[in-house]
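Below is one structure, written out as structure tokens; the observations come after it.
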Amino acid sequence: MSNRYIPHTEEDISAMLEKIGVTSVDDLFSDIPSEVIFKEEYDIPSAMSEIELRDHFRKLAAKNNSLVVFGGNGVYDHYSPSVIPHLLERSEFYTAYTPYQPEISQGTLQYIFEYQSMISELTGMESTNASMYDGATAAAEAMFMMVASAKKRNRVLLSATLPEHVMKVASTYARFHGIDVTVVPEKDGVTDFDALKEALGGGDVAGVILASTNRYGIIEDFTGVADSIHASKGLMTIYADPSTLAVLRSPAEWGADIACGDGQTLGMPMQFGGPYLGFLSCRQSLIRKMPGRVVGATTDASGKRCYVLTLQAREQHIRREKATSNICSNQSLMALYATVYLSLLGERGLKEVNMLSADGAHYLYNRLIETGKFRVAFNRPFLKEFVVETDLDIDKVNEYLLEKGIMGGVNLGDGKVMFAVTEKRTKEEIDNLVSLMLEA
């Protein structure tokens, strides 16, 4: 054999090559320019014993800097209970790929069912799917749902106060699906609702996507907005931080038809940008427009409670032209992560997370304003994230903070900087941040 990890004999390889009409494996890659093909020996270290290998990775890990995080912008340093990884690795949950055979996948189906139930409770929606890749793709799929539900309408309005990466992903999806995207401008840090009503007046809008806690951390007020959207025969989607829904009005309470967002705030470590979790919920009337799959509860032949795949709306399971999406998998391991987190904290614990975060954020906000080096940017309500203005060189300040083991605020440009405070930040850490910023 040419490679001991590939279980094909030379005879197997020759038979396959003959079948497809080529003489060598190299012929399969003949379209690749020779100048870009690596022709040298690979620089692979020699074998190590277990002790040597553990020591090697211990030294690599020591190069990482563990920072005190005051940045946010869509990813937040929330506490993650240490028991979660241990529960994730239990055999009844840690099964491979997709639970097509319910009789041997009850653990996976059960936690997906419980995940759907918990997200539905947070959002106030009647239905939730078995999760999406991340918040941005969940928002894009919500856009598809609204267009699919509309009659001959393919225009979607995106609020300018949505997170920037969400707008970019949704706009990219829209461009290749013939959807017309219009951005509703912001005014004083929130959606310009006068401009929204004007855009709805054309009678060609399939739906609108708005942010509950927006890109500046501001809590937006959607009083009467759903009525205006529905009066124009459009649908309303709210992009929300699921953690904050323990203390803020839910998308359903605002009159939304669809809710989506990123589940990273449900205890998931920041881990260099992923993997995270996208959630997507909707009213029962829209469930057949929802992508992915839905797990339901039933009883078996013996009358015992069990779980099954109830709805699968992707092209692998139904006629391609009837499919709502071509999304072929989901990060249900992260859905399990969120499920365990929510189970451990419960309603009381999740509320406490938000109260501690809000207390810390408002304390930092007041301390910064008191220094005279920072000014109010938006006089709007916020929970754990806020924006202030300054004449300081934020990039240089953040470089100094990094030297001191702190990740500072996010530089938004034009003198604006955004800070986030979670339940992990202490008063001492906040006071130290303010002192170091003034030093810098």
Side-chain angles (χ1 to χ4, degrees), residues 66-82 122 161 163 189-190 211-221 240-250 253 261-270 338 341-342 344-390 394 397-398 401 404-410 412 416-438:
S66 182
L67 302 176
V68 176
V69 180
F70 285 96
N73 200 25
V75 180
Y76 304 91
D77 187 26
H78 283 291
Y79 165 66
S80 180
S82 60
L122 284 171
T161 64
V190 297
S212 175
T213 45
N214 70 24
R215 69 193 303 172
Y216 305 118
I218 297 171
I219 303 168
E220 297 216 15
D221 184 352
D241 174 345
S243 174
T244 66
L245 297 180
V247 294
L248 301 180
R249 290 186 69 176
S250 70
E253 288 174 312
D262 202 303
Q264 184 272 331
T265 55
L266 301 179
M268 294 172 200
M270 300 178 78
Y341 174 84
L342 289 170
L344 290 170
L345 269 69
E347 181 179 349
R348 180 178 175 181
L350 203 55
K351 286 182 177 178
E352 186 174 350
V353 164
N354 281 277
M355 296 306 295
L356 290 171
S357 299
D359 287 347
H362 284 80
Y363 176 70
L364 174 59
Y365 178 82
N366 291 330
R367 283 293 320 271
L368 292 173
I369 298 299
E370 287 169 1
T371 65
K373 300 289 186 181
F374 295 87
R375 304 179 297 277
V376 175
F378 306 112
N379 190 20
R380 302 280 187 177
F382 63 89
L383 200 153
K384 62 185 175 187
E385 192 168 31
F386 61 87
V387 176
V388 288
E389 292 183 341
T390 183
I394 291 300
V397 170
N398 281 343
L401 291 175
K404 301 296 182 180
I406 296 174
M407 178 184 288
V410 178
L412 301 180
K416 290 184 173 62
V417 57
M418 183 162 62
F419 293 92
V421 181
T422 68
E423 76 281 8
K424 289 177 65 175
R425 300 286 73 84
T426 65
K427 180 178 181 296
E428 289 74 22
E429 288 173 338
I430 295 172
D431 288 338
N432 185 43
L433 169 71
V434 176
S435 298
L436 289 173
M437 292 184 74
L438 293 178

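Residue numbers start at 1 and run along the sequence shown.
- Nearest heavy-atom pair across F382 and I219 is C-CD1, 3.9 Å.
- The shortest side-chain heavy-atom distance between L122 and L342 falls under the 4.5 Å cut-off.
- Using a 4.5 Å cut-off on side-chain heavy atoms (C-beta onward), L368 and M437 make contact.
- The closest side-chain heavy-atom distance from L412 to Y216 is below 4.5 Å.
- The shortest distance between side-chain heavy atoms of V68 and R425 falls below 4.5 Å.
- We find the CD1-CG distance between I218 and L383 to be 12.5 Å, quoted to the nearest 0.5 Å.
- T213 and D241 share no side-chain donor-acceptor pair at under 3.5 Å.
- Atom NZ of K373 has 12 or fewer neighbouring heavy atoms from other residues, nucleotides or ligands inside a 6.0 Å radius.
- In this structure a side-chain-to-backbone donor-acceptor pair under 3.5 Å is present from T422 to D77.
- Residues Y341 and P81 share a closest heavy-atom pair of CD1-CD, 3.8 Å.
- Taking CZ from R367 and OG1 from T371, the interatomic distance works out to 8.0 Å, rounded to the nearest 0.5 Å.
- Looking at every heavy atom in both residues, V353 comes nearest to S243 through CG1-OG, 4.4 Å.
- Here the shortest heavy-atom pairing between K424 and E429 reads O-OE1, 3.6 Å.
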| task | Report the C-alpha distance between E423 and M355 in whole Å, list the side-chain angles of each, state the deciding distance to 0.1 Å, and finish with yes or no for side-chain contact (heavy atoms from CB on, under 4.5 Å). | result | CA-CA 8 Å; E423 76 281 8; M355 296 306 295; over 6 Å; no
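- With contacts defined as side-chain heavy-atom distances shorter than 4.5 Å, the pair V387/F378 qualifies.
- Annotation: the span from S357 atom OG to E385 atom CD amounts to 11.0 Å, rounded to 0.5 Å.
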